[in-house]
Number of protein chains: 2
Amino acid sequence: MEENRTILSYCPSIKVVDATIRDGGLCNDFRFSDEWVEKLYETNVAAGVDYMEFGYKADKDIFDESKFGKWKFCKDDDIRAIVGEKKEGLKIACMADVGRCNYKRDIIARKDSPIDLYRIATYINTIPAAIAMAEHCKLLGYETSINLMAVSTAKDRDVDLALELLGQSCVDGIYVVDSYGSIYPEDLRRLVAKYMETAKKYDKFIGIHAHNNQQLAFANTIEATALGVDYLDATMLGMGRGAGNCSMELLLGFLKNPKYNIAPVLKFVEKYVLPLREAGVKWGYDVQYALTGRLNRHPGAAIDFTKENRKDYADFYQELLDRF
Amino acid sequence: MEENRTILSYCPSIKVVDATIRDGGLCNDFRFSDEWVEKLYETNVAAGVDYMEFGYKADKDIFDESKFGKWKFCKDDDIRAIVGEKKEGLKIACMADVGRCNYKRDIIARKDSPIDLYRIATYINTIPAAIAMAEHCKLLGYETSINLMAVSTAKDRDVDLALELLGQSCVDGIYVVDSYGSIYPEDLRRLVAKYMETAKKYDKFIGIHAHNNQQLAFANTIEATALGVDYLDATMLGMGRGAGNCSMELLLGFLKNPKYNIAPVLKFVEKYVLPLREAGVKWGYDVQYALTGRLNRHPGAAIDFTKENRKDYADFYQELLDRF
């Protein structure tokens, strides 16, 4: 919702989405213990977070279940085992990738599922397939969003066409996704203004999912908020692929709605997130991510660089330039 | 200089100021080896950086010389031993704190010194003393700036009065300093607009020195740039007190002036900055800094928390709230 947002007021329409299991799961192949996920769920309830994303609804015919933790597949029963009787206030989200989800088989009616919101992740060239998935979910009673990835590499005209298609679709919301952490606040504001036009014309919500390659995930998230973006993704201590995401502790520190409570987040970070990092799970800002972000590239090469414990940033930069 | 700044153009009036020795020196009591400082100097020359700040001109009658590395005192001869015949293009800056510098004794004529720019650091209540120092430096031929620290805690009316005093003074430039890393981009733009009014009225340059408590140092720096701020402080890998500063590798990745060259910075970070970190010198974002930043507090308590290797963020937060 767009309104006159000031630094001291708050907008009840803002929703905080914890994406720790989903984006953080990309750092450890979704191998979180049940206790970890239970504590995260309790933390989100106590912190007043609005949605908790449990992972991907990946197709087990495509991905080998033995090679990933259960949250890659996000079975309804696995979620139910964590959440029991769902706590009022915290809704459950799940991500479904176009082409990687057998949605007709695996997504059942909302009334029989603990999931509330399906977030359909798509690149710009698979939007019709994403809309078909959203329609399926919508008919089954779910809230839906389409998360348009890697928009920083798309042409303006294609983004306009994409937004028009999404606007006309049944989807409830559209996400600005800075997959490569390449978008500067100045560009972000222009992009968000475009999404907000669609939001106004077609009555959709707009969300933002930012990456921290250039230490801009939090800045871009709060800038988007000021322009009317309502669904804000964050993760505990920024845990997420590569440079990670907007940090929950920063976001809850910024938001003024008294329903949000930072203290449980601080405890969870100490007791559960730091031990993952100490055990060797890697994420967060480093120079290699700044370089792929600056060049508007997929972070894959930077993630490899990290895994190989390389530190030769200058050589890495030349390798990136060689692949232009 | 204010002009129509776009994301692809560049402004020749922008100056990059490397503050690694000065702000980074606060992390290791200024104990850098001569080789380290020489390589940093060479790096800044090769990278096209405009100014390199060598440290503080601290009064040895106040601070015990045996307890700090030489860059706390920044003697002209020590600088000369590093820079030899100064390279064209890279100017030398030095910070002088109001009340901690015997400027009448220690600051000699520019023609006899390797230093080009004195940056006078002051709180708002010692502005007259800062102006007296700036006048001394100006008469001796130096470029001068006054860096108004902790402005986030000052009242609007006091900032207006301060800017009027600084505008009428002989100083060449005025710095927006986010000492506590507490300023959000929305506030920063309002603050910068105020400084830019003074800049226009009195023909001063405006600079920005940001801290990364809330991962906003780079975002705030580039936002300020878009509004006409010309002097941009950055440090190698963000090395600086507490959460550190705007990272040089991010800033040079953003600026479009072809005179800037990121490759030497990447090499220096690998060969010289990472080893400091591995040797135990601490700086950079962590949750405790987000909390002091959010509360607009001096980072001292967070620095202590870091030194004590504490991780009980939730308890720390309660301690901070107790001291309101």
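Note on naming: letters A, B, ... go to the chains in the order of the sequence lines (proteins, then strands), and numbering restarts at 1 for each one.
Within 6.0 Å of NZ in A:Lys271 there are 12 or fewer heavy atoms belonging to other residues, nucleotides or ligands. Around the CG atom of A:Asp322, the shell of radius 6.0 Å holds more than 12 heavy atoms that belong to other residues, nucleotides or ligands.
Of the atoms belonging to B:Gln215, heavy atoms from both backbone and side chain fall under 4.5 Å from chain A. For B:Asn212, the part lying under 4.5 angstrom from a heavy atom of chain A is the side chain only. Of the atoms belonging to A:Tyr285, it is side-chain heavy atoms, and not backbone ones, that fall under 4.5 Å from chain B. Looking at A:Leu252, only its backbone comes within 4.5 Å of chain B, counting heavy atoms on both sides.
Smallest separation of non-hydrogen atoms from B:Gln214 and A:Phe218: O-CD2, 3.2 Å. Across all non-hydrogen atoms, the minimal contact from A:Asp312 to B:Glu270 is CA-OE1, 3.3 Å. The shortest heavy-atom contact between A:Ile262 and B:Arg294 is CG2-NH1, 4.0 Å. Residues A:Tyr184 and B:Gly253 come closest through the heavy atom pair OH-O, 3.8 Å. Among all heavy-atom pairs drawn from A:Ala219 and B:Ala219, the shortest one is CB-CB, 3.4 Å. Nearest approach of B:Pro185 to A:Ile222, heavy atoms of both residues: CD-CD1, 3.9 Å.
Here the OH atom belonging to A:Tyr317 is positioned 12.0 Å from the CD atom belonging to B:Glu249, to the nearest 0.5 angstrom.
Contact count against chain B (heavy-atom pairs under 4.5 Å) is highest for A:Arg189 among A:Gln318, A:Lys267, A:Arg189.
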Might you work through the side chain to side chain contact (heavy atoms under 4.5 Å, CB included) test for A:Leu250 and B:Leu216, ending with a clear yes or no?
-> CA-CA 10 Å; A:Leu250 289 170; B:Leu216 292 171; over 6 Å; no
